[in-house]
Amino acid sequence: MAYAVAPIEDKYKVVPTTDPLRDAHELQRRGERVLVLYSLSTPLFVEIWQEVREVASKYPVVAGGPHAAGDPITLLKLGVKYVVIGDGEVALPAIVEREAEGLEEVPPNTLMLVDGRVRAGRRIYAELIHKTYSTSLGAYPPIEIMRSCAYRCTFCQTWFHGSVRYRPVENVAQMVKHYVAAGREEIRFIAPVGFLYGSTDGKTPNVDALVGLLRAVREAGGRPYLGTFPSETRPETVTRDVLGAIKPFVANRRLSFGLQSGSERLLASTKRDHDVAVVEEATATAVKMGFKPVVDVIAGLPGEEEEDVVATVKAMERLVSMGAHIRLHYFMPLPGTPLWGREPKPPHPLYWDFLKRHRKRVEGYFEEQIRLSRAILETYRLLTLTTPSSSAT
Ligand code: SF4
């Protein structure tokens, strides 16, 4: 939300709220014109879709975020006036202007219903040069340094956002100065693959770019965290060269990268573009170089068979014995990803056994994600929108 309102907060009043109906009503009573903004992930949508529908029946609503990009049609059907499906920095100023001036044109990167038909605004890709914090919300979130991804993992939608773009180092340094002035020296980044910042092909680490970024953050007074949430990386980027170059600058010793599955068959079918061996190599390298590897694994992937579970548990055992921690996830069906519409496999007992054996070495929200995964499917059954007319499919 900080990213969304940053480009408009100098010109318009932004009011954070936990009760949009009450606050919108109060603002309207005082003669203000109101536009209600939601930034929706799928878990949040599951929690508040009835509220969105109710607010949208009374006020113009804008919805953005990954869920809006993944399933805009459902949101339009719920009455949302503007659904942002692309870069919000370009969309939101145009949406606010359209409302304020009564313009006709559909704003860029936005879907609307016009006379009952879906209309799309122009697609415009933003440069990553906009402000990453919001003074009106008092929010200084991680700085987005990379948008989109050159990989095509089927459980992910990050790669739908156009060509891979990077925030210029000078701009990052400028942002960091503001964060530091506001007392936020701890600088975290948002990147689909942290160690690919500045990569020319989106797949090969650019050590000079990484060092340039981290040095600039240090010079601006920040303490950078890279390769850990929310700038996790891929296993093949965890090399001696990269770790040796970044170690003097980064504040983190924790590194997160994905195995996702120990089954070569599932790695291939989910288009991960790496094998199990490269994750073991990354783990060994990380430990040798003084980092703590935390490896992501997804249980319950659609199509997961007994032999895939056995292979995954074996791989996790090997990684733990090498010094890794495991961050165990349960597959969540997310609209807008190629795996949307495929049923998760029920959590296999071997995963629970592994959890019991290694409680101290396993992190994550496995049980919550099982509940959440079911809640997503249940919500869509309730909405009866998993039909060809829903963009989620
Ligand atoms: S899971 Fe990671 S590597 Fe795969 S497409 Fe998404 S961001 Fe890229």
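Counting starts at 1 for both ligands and their atoms, following the listed order.
When each atom of ligand 1 is checked for a heavy atom of Trp159 under 4.0 Å away, the hits are 5 (S). Each of the following atoms of ligand 1 lies closer than 4.0 Å to a heavy atom of Arg234: 3 (S).
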*Could you please spell out the steps behind the ring-ring contact (aromatic ring centres under 6.0 Å, His included) verdict for His178 and Tyr133?*
CA-CA 9 Å; His178 288 284; Tyr133 58 94; 5.2 Å; yes
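Under the 3.5 Å distance criterion, with hydrogens and angles disregarded, a donor-acceptor pair is assigned to the side chains of Thr132 and Tyr179.
For atom 8 (Fe) of ligand 1, the candidate residues are Gly258, Ala150, Cys149; the nearest heavy-atom contact is made by Cys149.
No chain of hydrophobic side-chain contacts below 4.5 Å, direct or via other Ile, Leu, Val, Met, Phe, Trp or Tyr residues, connects Val295 to Phe229.
Shortest contact from atom 7 (S) of ligand 1 to any protein heavy atom: Pro192 CB, 3.6 Å.
Residue-ligand proximity: Arg272 is placed with a non-hydrogen atom under 4.0 Å from ligand 1.
Residues Phe189 and Tyr225 place their aromatic rings such that the two centres sit no closer than 6.0 Å.
With hydrogens and angles disregarded, no donor-acceptor distance shorter than 3.5 Å links the side chain of Glu9 to the backbone of Val14.
Look at Asp273 and Arg234 and you find no salt bridge, because none of the NZ, NE, NH1 or NH2 atoms lies under 4.0 Å from a carboxylate O.
Taking 2.8 Å as the threshold, Cys156 counts as a candidate ligand of atom 6 (Fe) of ligand 1, since one of its N, O or S atoms lies below it.
Under 4.0 Å from ligand 1, heavy atoms of Cys153 appear from its side chain as well as its backbone.
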